[in-house]
Amino acid sequence: ECAHCKSAESNMCDLLRINTDRGVMISDGQSRFSINGKPIFHFVGTSTFSEYTVMHVGCVAKINPEAPLDKVCVLSCGISTGLGATINVAKPTKGSTVAVFGLGAVGLAAAEGARIAGASRIIGVDLNPNRFEEAKKFGCTEFVNPKDHDKPVQQVLAEMTNGGVDRSVECTGNINAMIQAFECVHDGWGVAVLVGVPHKDAEFKTHPMNLLNERTLKGTFFGNYKPRTDLPNVVELYMKKELEL
């Protein structure tokens with residue numbers, strides 16, 4: 001019903017935009033749970049840490065009844081966020097080069113998105129080398145550990161890729177990684193997508209020439225997926241064995 005949901009470009013629904021401070025149901029401003037007469041507040045509008053919960057109808061998506069819930073539950077947040085950040089927002093072309101900063105669940109999904117899109121080089125950047133082996137399953141072809149270099153990682157990536165990667169996806173929430181992810185993309189066409197949530201006092205600082213030299217900086221929330229309409233399709237990707245969870 002809102003302008004965001006009607007827009008082909010946005011998924012920032014006015015009604016259900018995440019408000020971490022709210023903790024109550026929209027309709028009456030009350031919690032649905034209590035213990036000894038005291039309210040227990042809802043977490044991020046869904047309360048999914050509880051075994052049984054009450055949700056706003058807008059938070060519910062109907063999916064394939066055959067889908068195993070113990071597997072597809074990860075699509076309700078992290079995996080969809082990383083996958084969509086690459087496929088829907090970065091939009092790498094076939095044969096392009098993609099750098100993924102942070103190889104946790106979200107970063108692995110971002111790499112998976114790059115693989116599905118047909119990227120030829122997918123470079124994983126992480127401070128923990130133990131993650132590199134697992135990341136190969138999700139599409140990563142090369143790895144960079146910033147600790148192994150005495151120069152900024154954006155410079156390392158630029159040297160590896162003849163001037164910079166075509167796309168980068170930042171999945172750490174670390175402000176320095178966000179700046180590195182932006183500064184490592186190629187001038188003229190490079191696109192960097194920020195996914196991680198930074199510290200509330202963090203500030204993004206870069207030289208304006210990096211933008212004037214035709215690099216693009218984008219942000220995304222939940223990978224630009226509209227949960228009710230798009231999540232069922234992501235579940236189908238998994239059911240067809242096209243998506244690694």
Side-chain angles (χ1 to χ4, degrees), residues 74-75 77-186 189-198 204 206 215-220 222-224 234 237-238 242-245:
V74 292
L75 292 172
C77 186
I79 305 295
S80 299
T81 298
L83 185 72
T86 305
I87 292 177
N88 299 334
V89 188
K91 298 179 180 171
T93 53
K94 207 167 169 51
S96 59
T97 304
V98 179
V100 176
F101 285 71
L103 298 173
V106 179
L108 293 177
E112 176 88 347
R115 182 186 64 73
I116 291 170
S120 60
R121 294 175 72 186
I122 303 169
I123 306 167
V125 181
D126 202 294
L127 296 170
N128 180 357
N130 297 332
R131 291 176 159 184
F132 294 166
E133 200 53 43
E134 182 74 4
K136 289 177 185 172
K137 289 185 208 169
F138 293 85
C140 283
T141 58
E142 299 162 65
F143 300 94
V144 172
N145 183 341
K147 287 185 193 163
D148 295 342
H149 302 274
D150 53 10
K151 56 180 116 173
V153 73
Q154 52 269 56
Q155 200 176 326
V156 174
L157 289 164
E159 287 169 8
M160 285 171 66
T161 56
N162 195 23
V165 296
D166 302 307
R167 302 287 185 267
S168 72
V169 187
E170 187 286 322
C171 305
T172 72
N174 178 291
I175 192 66
N176 294 323
M178 293 179 173
I179 294 165
Q180 290 159 357
F182 174 57
E183 293 182 352
C184 80
V185 299
H186 205 290
W189 62 79
V191 178
V193 179
L194 304 187
V195 181
V197 179
F204 187 100
T206 191
R215 292 176 182 87
T216 300
L217 181 63
K218 289 185 167 187
T220 179
F222 195 59
N224 274 44
V234 182
L237 277 181
Y238 169 72
E242 289 172 23
L243 177 64
E244 177 68 60
L245 294 184

Checking side-chain contact (heavy atoms from CB on, under 4.5 Å) for the pair Val234/Ile79: CA distance, chi angles, key distance, verdict? CA-CA 10 Å; Val234 182; Ile79 305 295; over 6 Å; no
Between [X] and [Y], what is the shortest heavy-atom contact and its length?
X: Arg215; Y: His186; value: CG-O, 3.8 Å
X: Leu103; Y: Val100; value: CD2-CG1, 4.2 Å
X: Val153; Y: Pro146; value: CG2-CG, 4.1 Å
X: Ala119; Y: Val98; value: CB-CG2, 3.9 Å
X: Cys140; Y: Ala111; value: SG-CB, 3.8 Å
X: Val89; Y: Gly219; value: CG1-O, 4.3 Å

Check: [Y] and [X] side chains under 4.5 Å, non-hydrogen atoms:
X: Trp189; Y: Thr93; result: no
X: Asn145; Y: Leu127; result: yes
X: Val185; Y: Val191; result: no
X: Arg167; Y: Thr86; result: no
X: Val156; Y: Asp148; result: no
X: Thr220; Y: Asn88; result: no
X: Leu217; Y: Thr206; result: no
X: Val195; Y: Thr81; result: yes

A quick test of your reading: do over 12 heavy atoms of other residues, nucleotides or ligands sit less than 6.0 Å from CD of Glu133?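 Open.
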side-chain contact (heavy atoms from CB on, under 4.5 Å) between Leu75 and Leu243: does it pass, once the steps are laid out? CA-CA 11 Å; Leu75 292 172; Leu243 177 64; 4.0 Å; yes
Pairwise salt bridge (charged side-chain N to carboxylate O under 4.0 Å, His left out) hits with a residue in residues 77-99, at least two apart: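 Checked against salt bridge (charged side-chain N to carboxylate O under 4.0 Å, His left out) - neighbours excluded - no pair reaches residues 77-99.
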Starting at [atom1] of [X], measure out to [atom2] of [Y] and round the result to the nearest 0.5 Å.
X: Leu83; Y: Leu108; atom1: CG; atom2: CG; value: 12.0 Å
X: Ile116; Y: Glu244; atom1: CD1; atom2: CD; value: 10.0 Å
X: Ile175; Y: Gln180; atom1: CD1; atom2: CD; value: 10.5 Å
X: Ser80; Y: Asn224; atom1: OG; atom2: CG; value: 12.0 Å

So does Val144 get a backbone contact from the side chain of Glu142, meaning a donor-acceptor N/O pair under 3.5 Å?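 Not at all, since once roles are kept as given, no pair shorter than 3.5 Å links the two residues.
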Quick one: does Glu159's side chain have a donor or acceptor within less than 3.5 Å of a partner on Asn162's backbone?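 Not a single qualifying donor-acceptor pair exists.
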With sequence neighbours excluded, give me every ring pair (Phe, Tyr, Trp, His ring centres under 6.0 Å) pair touching residues 135-160.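 Those involving residues 135-160 are Phe132-Phe143.
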Can you check salt bridge (charged side-chain N to carboxylate O under 4.0 Å, His left out) on Arg115 and Glu112, steps first, answer last? CA-CA 5 Å; Arg115 182 186 64 73; Glu112 176 88 347; 3.0 Å; yes
Report the C-alpha separation of Leu157 and Phe101 in whole Å, then their side-chain angles, then the decisive distance to 0.1 Å, and conclude whether the side-chain contact (heavy atoms from CB on, under 4.5 Å) test is met. CA-CA 11 Å; Leu157 289 164; Phe101 285 71; 3.7 Å; yes
